Number of protein chains: 2
Amino acid sequence: MLEGKFDESTLLKKIVDSVKDCVKLCNFNCTEHGITVQAVDDSRVLLVSLLVGQTAFSEYRCDRDVTLGIDLESFSKIIKCGNNEDYLTLLAEDSPDSVMTIFEDKKKERVSEYSLKLMNIDSEFLKIDDMEYDTVINMPSSEFAKIVRDLKNLSESLNIIVTKDSVKFTSEGEVGTGSVVLKPYTDMDKPEESVNVHLDNPVDLTFGLKYLNDIIKATSLSSTITIKLADKTPALFEYKLDVGGYLRFYLAPKFDEDE
Amino acid sequence: MLEGKFDESTLLKKIVDSVKDCVKLCNFNCTEHGITVQAVDDSRVLLVSLLVGQTAFSEYRCDRDVTLGIDLESFSKIIKCGNNEDYLTLLAEDSPDSVMTIFEDKKKERVSEYSLKLMNIDSEFLKIDDMEYDTVINMPSSEFAKIVRDLKNLSESLNIIVTKDSVKFTSEGEVGTGSVVLKPYTDMDKPEESVNVHLDNPVDLTFGLKYLNDIIKATSLSSTITIKLADKTPALFEYKLDVGGYLRFYLAPKFDEDE
DNA sequence: ACCCTCGCGA
DNA sequence: TCGCGAGGGT
């Protein structure tokens with residue numbers, strides 16, 4: 001039996017909304033440690049890896065491992081049925097054919113329950129190796145989101161060049177060219193505003209803005225984003241959950257051009 | 001070489017947004033005194049005349065006159081890429097094929113640059129004579145905007161009758177009739193709330209609300225609007241820029257009806 | 001161009 | 001806590 005209770009329904013709502021635009025169906029793998037999801041987007045380019053640690057729940061119990069094959073579109077609709085401050089509990093049997101979502105109002109005596117039919121979804125669970133990266137950037141997630149939104153007006157590709165004292169984002173298109181240059185910067189008062197660059201080797205990589213645009217849907221999950229880059233290697237874009245866990249996106253750079 | 005730096009990107013944003021709904025393409029004429037634009041709206045009825053004086057810039061330099069043919073739609077997108085408080089600098093060569101827009105964050109080490117391809121736009125530069133008008137009205141721009149918004153629900157035309165002690169706006173349509181009457185009024189504490197009428201001759205004129213609706217897009221540029229009217233003469237609607245300059249609209253009254 | 005959502009201020 | 005304004009998405 002799985003029983004996971006969130007203190008507020010917003011967390012799960014944000015998580016599902018962060019992913020549902022690029023992944024329609026996925027397996028929630030529930031273990032005693034929490035819930036993980038691995039999925040590729042519909043074009044099989046972007047790899048999504050989610051961990052909701054058991055610390056993210058106010059109560060959590062998972063007697064034996066269980067896999068919930070969920071249609072995120074429908075699940076998202078269900079989650080929106082609660083009020084943001086409601087307790088949200090996920091419930092499933094050991095061999096479930098459905099998952100129950102229960103909302104409880106904190107003050108009032110109001111309980112709502114929604115059961116969602118599960119699906120059988122094949123997916124190999126990929127073992128993702130911990131990698132060495134050439135560069136690790138830590139920056140405000142909202143700032144990264146703005147850069148992606150602004151530059152996607154100009155072309156389909158975003159080039160990222162990191163040197164020891166700057167990060168440069170560039171997009172070149174028909175009507176014009178845009179670039180944003182960030183210098184590492186430490187804000188004492190608001191550390192989440194800081195831009196931090198750890199660099200072993202400079203990198204010069206290009207990514208599809210279509211996919212980056214899916215990635216930034218997760219902006220509300222964390223005030224900062226960590227970007228790990230290495231030549232000819234899928235980049236890692238990570239949003240850490242305050243309460244324990246993360247949402248990670250792996251995206252391979254474009255190879256073909258100019259070399 | 002042209003180099004014009006605004007202390008805040010909002011001013012240019014407001015100016016472009018005020019005009020781009022009625023004018024798609026226009027020439028920015030840059031001289032040592034500042035930047036002027038003259039253009040007619042797509043239906044060739046409304047004449048727009050902009051002056052951004054060099055005092056509007058925190059730094060301004062224009063070695064020789066240069067004309068920048070700009071697609072306002074694209075330009076508006078670029079200007080939105082800055083944050084409102086950023087410095088905004090326009091840069092162009094002497095014979096440019098593009099104009100560069102540079103944003104600089106005031107605190108952080110962030111610089112973004114956007115280059116926009118220029119276009120070749122024909123437009124005669126019209127000499128607009130200083131006119132004698134029968135009536136000059138000065139009033140809060142927001143109040144004028146509300147009158148236009150409210151009365152355009154009723155018909156396509158707005159009638160303005162000015163007598164020595166009142167200004168009457170009327171719109172008569174199928175479903176009903178509306179009118180707003182203003183008396184001249186002086187607010188000592190908030191002069192920008194005053195309604196001021198200088199009248200040499202009474203006027204009774206009618207304008208197309210479609211065009212007035214374009215004009216009021218400029219409301220945020222100034223807390224007051226100056227309206228100059230004379231019989232059978234294009235009316236002048238002027239928003240003065242605090243920092244030096246103006247945005248003027250010239251609109252001919254309707255003739256044919258009822259006389 | 002219009003509608004919806006999020007953030008900030010009262 | 002509610003309302004208003006701004007920004008982003010469809």
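Each chain gets a letter, A, B and so on, in the order the sequences are listed, and its residues count up from 1. As the structure is a prediction and not an experimental result, all values here were calculated from the model.
In this structure, A/R149 places its CZ atom 5 Å from P of D/dG9, rounding to the nearest Å. Between B/K210 atom NZ and C/dA1 atom P there is a gap of 11 Å when expressed in whole angstrom units. For the pair B/K80 NZ and D/dG7 P, the interatomic distance rounds to 9 Å; values are reported in whole Å. Distance, A/D17 CG to C/dT5 C1': 12 Å, rounded to whole Å. Going from atom CD of A/E143 over to atom P of D/dG7 covers 16 Å, rounded to whole Å. What separates NZ of B/K13 from P of D/dG7 is a distance of 6 Å, to the nearest Å. If you measure from atom CG of A/N153 to atom P of D/dG8, you get 11 Å, rounded to the nearest angstrom. Rounded to a whole Å, the CG atom of B/N83 is 13 Å from the P atom of C/dC8.
Residues forming a salt bridge (charged side-chain N to carboxylate O under 4.0 Å, His left out) with B/E3 (at least two apart in sequence, or on another chain): B/R61. A search for side chain to side chain donor-acceptor pair (under 3.5 Å) contacts involving A/K146 returns A/D150, not counting sequence neighbours.
Scanning all heavy atoms of the two residues, the minimum distance from A/E193 to A/P140 falls at O-CG, 3.5 Å.
Under 4.0 Å is where a charged nitrogen must lie from a carboxylate oxygen, and between B/K80 and B/D17 at least one such pair does.
Taking the side chain of B/N84 as heavy atoms from C-beta on, and the options C/dA1, D/dG7, D/dG9, the nearest nucleotide is D/dG7.
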